[in-house]
Trainee: 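Below is one structure. I have some questions about it.
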Number of protein chains: 2
Amino acid sequence: MTDVPTHSRKRDGSLPNALVDAGIELLRERGSGGLSLRECAAKANVSHSAPGYHFKNLKGLATAIATRGFSHFVDAMEKRCQSADPDPRAQLEAICQGYLDFASGQPELFLFIFSGQQFDKDNAPFEVVASKAYAILREACEPFVPKDSSPEEIEFLIWSLVHGFAHLSMTRKKDNPKLGQTWPDFDAVFSHLFKSITVQE
Amino acid sequence: MTDVPTHSRKRDGSLPNALVDAGIELLRERGSGGLSLRECAAKANVSHSAPGYHFKNLKGLATAIATRGFSHFVDAMEKRCQSADPDPRAQLEAICQGYLDFASGQPELFLFIFSGQQFDKDNAPFEVVASKAYAILREACEPFVPKDSSPEEIEFLIWSLVHGFAHLSMTRKKDNPKLGQTWPDFDAVFSHLFKSITVQE
DNA sequence: CCACGCAACTTGACGCTGTCAAGATATGAC
DNA sequence: GTCATATCTTGACAGCGTCAAGTTGCGTGG
């Protein structure tokens, strides 16, 4: 009857990370709505209100999860960039590929960080990694910005397209899994766009 | 002490609609996560489990709300189309404008229907109106489809761009309301894209 | 006009949830 | 070895979705 020994977990500061792991697993199993402090606690073998000690709120845990999500997101883009040609167009394509790598590799996490739900704005690590994601995109777009227009135009053209493609792919494939077959290829769609932008000397 | 008279509501079949109204109001007030059967019931002045009679589930109510959302979405696109030039390019722009009208006019409802959460797939009215939205887009893209490529390529180019722009605008403006000033104009962004697609013959 | 039947609710209960207060325990400093 | 404090546990509370069972009122048949 010794279900779980009391205080089975060593107090080494690993609990917050373990709770985030549990949360991501929960997201995978049940989607964005299935996140629960008590279940994360159970998965991490701690009592139901242990999470409350490390995270003020459910929102606090959600922000920690989103921070990890953005971190993986940044990693995915950087990984593609490093193994790509330094040519501006190749770099931009690598960014887009990384974007889609993350979305298709961890669809629930992708949908979660872009779900529109509010995270803790005063959480510094979250702000840092989230703005780094945008900085990467901005840097890759920079060579394509015409001299007479604001960088935002190109940035949002690219960002909207890749984000829209990823977001629609994930939401619609979730709705209807057999849809995958007729889904157009990323490259085919983007080739049209790439015709309309050129490196600005 | 007659707080609310028992059975104050006439049984005229208007409760389902009233509950959807209440749900949309709740979405506006608290965002996608704030939807609750019991609060919808309270807003509609019925007992806590009256919604359960008309909607099997919370998911059932969510699907009814999403159905209304898609209906408004379709209306917004059609309204712009009707008051636009019949020229293919003007029609396509009208679709995009309608898309953004809906997203900015009812941001919470827009985020809700595209939140990636599962709705009842066996709900006929939902399926009808949701697929109608896609049909409208598809029709507007048709004149731009090159003879040698599949329609999906152009459709997803347009759809991804307008959806991504709308979705990013809504999520980021929610995060950071003062961001609105530096947000690029839709037309400026899309003008780049429109250079890359032309009416086919 | 009345009784009956069924649709549209209400009431109550259950286990789940987040959150807080208060108690227990382990770990590092002295 | 004892003590302080960070880290967790226990217990309680209200609110949630969902189901079962009871109640109400409207329409229909006589």
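Naming: A, B, ... by sequence-line order, numbering from 1 per chain. Values in this document were obtained by computation on a predicted structure and should not be read as measured data.
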Trainee: With 3.5 Å as the limit, what N/O pairs link the protein to nucleotides 16-19 of chain C?
Mentor:
from   : atom 1 : to    : atom 2 : distance (Å)
C:dG18 : OP1    : A:L37 : N      : 2.6
C:dG18 : OP2    : A:L37 : N      : 3.3
C:dG18 : OP2    : A:R38 : N      : 3.0
C:dG18 : N7     : A:R38 : NH1    : 2.5
C:dG18 : O6     : A:R38 : NH1    : 2.8
C:dT19 : OP1    : A:N57 : OD1    : 3.3
C:dT19 : OP2    : A:L58 : N      : 2.9
C:dT19 : O4     : A:R38 : NH1    : 3.3

Trainee: Atom CG of A:N45 to atom C1' of D:dT7: distance rounded to whole Å?
Mentor: 16 Å

Trainee: Under the side-chain hydrogen bond (donor to acceptor under 3.5 Å, both in side chains) test, which residues partner A:D101, sequence neighbours left out?
Mentor: A:R80

Trainee: Considering residues at least two apart in sequence or located in another chain, which fulfil the ring pair (Phe, Tyr, Trp, His ring centres under 6.0 Å) criterion with A:H167?
Mentor: A:H163, B:H163, B:H167

Trainee: To the nearest angstrom, how far is B:D12 atom CG from C:dA7 atom P?
Mentor: 17 Å

Trainee: Pairs in or reaching into residues 118-156 of chain B: which pass ring pair (Phe, Tyr, Trp, His ring centres under 6.0 Å), with residues at least two apart or in two chains?
Mentor: A:W183-B:F156, B:F70-B:F126, B:F112-B:F119, B:F119-B:F126, B:Y134-B:W159, B:F156-B:W159

Trainee: Once side-chain hydrogen bond (donor to acceptor under 3.5 Å, both in side chains) is applied, do any residues pair with A:R138, and if so which ones, sequence neighbours excluded?
Mentor: A:E155

Trainee: Whether A:Y53 contacts D:dT7 is assessed here as follows: a side-chain N or O lying under 4.0 Å from the phosphate OP1 or OP2. Is that the case?
Mentor: yes

Trainee: Would you call the rings of A:F165 and A:F186 parallel, tilted or perpendicular, taking 30° and 60° as the class edges?
Mentor: perpendicular

Trainee: Let's see if you can work this out: which of D:dT7, D:dT9, C:dT10 has an atom nearest to the side-chain heavy atoms of B:S47?
Mentor: C:dT10

Trainee: Going by ring pair (Phe, Tyr, Trp, His ring centres under 6.0 Å), name the residues that satisfy it together with B:H48, two or more places apart in sequence or in a different chain.
Mentor: none

Trainee: May I have the distance from A:H54 (atom NE2) to D:dT7 (atom P), rounded to whole angstrom?
Mentor: 6 Å

Trainee: Taking side-chain hydrogen bond (donor to acceptor under 3.5 Å, both in side chains) as the test, write out the residues that go with A:Q91, two or more places apart.
Mentor: none

Trainee: Angle between the two end axes of the helix from C:dC1-D:dG30 to C:dC30-D:dG1, five base pairs per end, rounded to 10 degrees?
Mentor: 10°

Trainee: To the nearest Å, how far apart are B:R11 CZ and D:dC26 P?
Mentor: 7 Å

Trainee: List for me each residue that meets side-chain hydrogen bond (donor to acceptor under 3.5 Å, both in side chains) alongside A:Q82, sequence neighbours excluded, and say none if there are none.
Mentor: none

